[in-house]
Amino acid sequence: MIDGSALSDRLQDLIHTPGVTPLAFLIAFLAGASHAVAPGHGKTLAAAYLAGSRGRVRDAAWLGGSVAAMHTFSVLVIGIAWTFLSLSDLVRMEQLTTWLQVAAGVLIVLTGIWMLRRHLRGHHHHHHDHDHDHEHGHTHDHSRRPGLLLLGISGGLTPSPAAFLVLATGLFLGRAGFALLLVLTFGVGMAVVLFTVGVLAVAGSSLVTRSSRSFALLTRATKVTPILAASGITIFGAGLVTIAAVHLTTV
């Protein structure tokens with residue numbers, strides 16, 4: 001079992017060490033993977049979304065990449081603002097991350113509502129002819145992109161404290177380039193874990209869909225899965241907003 005706390009501490013030590021070593025990037029990758037493995041970092045949401053929307057492997061890659069890109073962007077923006085624009089004088093880090101959790105929760109709720117509407121609208125067009133269905137299949141990937149984008153933004157909106165500290169320390173020490181590369185590598189570690197979870201969800205969904213052709217119970221299950229996934233994502237987002245809002249009253 002990878003100790004995420006130990007990896008974060010080791011990463012902090014390496015940013016103070018002169019020179020650039022391959023070990024630093026390995027630790028950054030493992031720290032990012034460990035961060036994604038920890039509870040509450042979007043794995044369940046990613047799996048539910050991809051299974052509920054009958055996603056493909058390319059969607060899993062797109063989702064993992066968008067989370068990593070958004071996480072890197074949020075760390076970069078907040079790190080620069082914190083270091084050079086006196087953001088620390090305006091808001092405490094705990095308050096800032098809590099507000100970001102509220103925003104992430106709102107995006108998750110919107111994703112769930114979008115999924116539900118998309119499924120209900122698609123249900124009305126279920127009895128198209130074969131040619132139209134084939135054409136619709138080519139556009140189906142694009143129809144999943146809004147939800148993937150919302151989920152990717154929400155998953156990467158709240159920066160990892162370890163990644164933030166690495167960047168902030170690098171900026172203070174004049175090692176901004178090295179620190180940014182470590183943050184990017186951290187994001188790649190997150191993306192690999194989320195991509196793996198997504199691929200497993202896609203594979204499981206495809207297996208159930210193929211099996212449902214022979215079993216009536218599984219056929220009914222595949223029809224209910226998108227609604228359950230959309231409802232679960234919406235409820236999760238609402239819960240995240242509620243918890244973050246309550247936390248704001250105490251910080």
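Here the structure is a predicted model, which is why all the values come from computation and not from measurement. Side-chain atoms are counted along with the backbone in the values below, which use heavy atoms only and exclude waters and symmetry mates.
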Count I, L, V, M, F, W, Y as connected when their side-chain heavy atoms are under 4.5 Å apart, and connections chain through other members. Are [X] and [Y] then in the same cluster?
X    : Y    : result
L173 : F84  : no
I78  : V91  : yes
I233 : I243 : no
L100 : L240 : yes
F172 : L182 : no

Is the backbone N or O of [Y] less than 3.5 Å from a side-chain atom of [X], with the two atoms forming a donor-acceptor pair by type?
X    : Y    : answer
T169 : V166 : no
S74  : G156 : yes
T196 : V192 : yes
H71  : S160 : yes

What's the spacing between [X] [atom1] and [Y] [atom2] if we round to 0.5 Å?
X    : Y    : atom1 : atom2 : value
T234 : I113 : OG1   : CD1   : 5.5 Å
L23  : L11  : CG    : CG    : 9.5 Å
M190 : T185 : CE    : OG1   : 13.5 Å
T250 : E94  : OG1   : CD    : 7.0 Å
R10  : L30  : CZ    : CG    : 12.5 Å
F195 : L200 : CZ    : CG    : 9.5 Å

Heavy-atom pair of closest approach, residues [X] and [Y]:
X    : Y    : result
G187 : T72  : CA-OG1, 4.4 Å
Q95  : L248 : O-CD2, 4.2 Å
A68  : A191 : CB-CB, 3.7 Å
L157 : A103 : CD2-CB, 3.6 Å
V109 : A238 : CG2-N, 3.3 Å
A179 : G170 : CB-CA, 3.8 Å

Checklist entry - Counting only heavy atoms not in F178, do more than 12 fall under 6.0 Å of its CZ? => result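 Yes, CZ of F178 has more than 12 neighbouring heavy atoms, counting only those of other groups under 6.0 Å.
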Checklist entry - Does V183 reach the side chain of L76, with side-chain heavy atoms less than 4.5 Å apart? => result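 No, every pair of side-chain atoms sits at 4.5 Å or beyond.
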Next on the checklist: Does the plane of the ring in W82 sit parallel, tilted or perpendicular to the ring in F164? Use 30° and 60° as the thresholds.
Outcome noted: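 If you compare the ring of W82 with that of F164, the planes turn out perpendicular.
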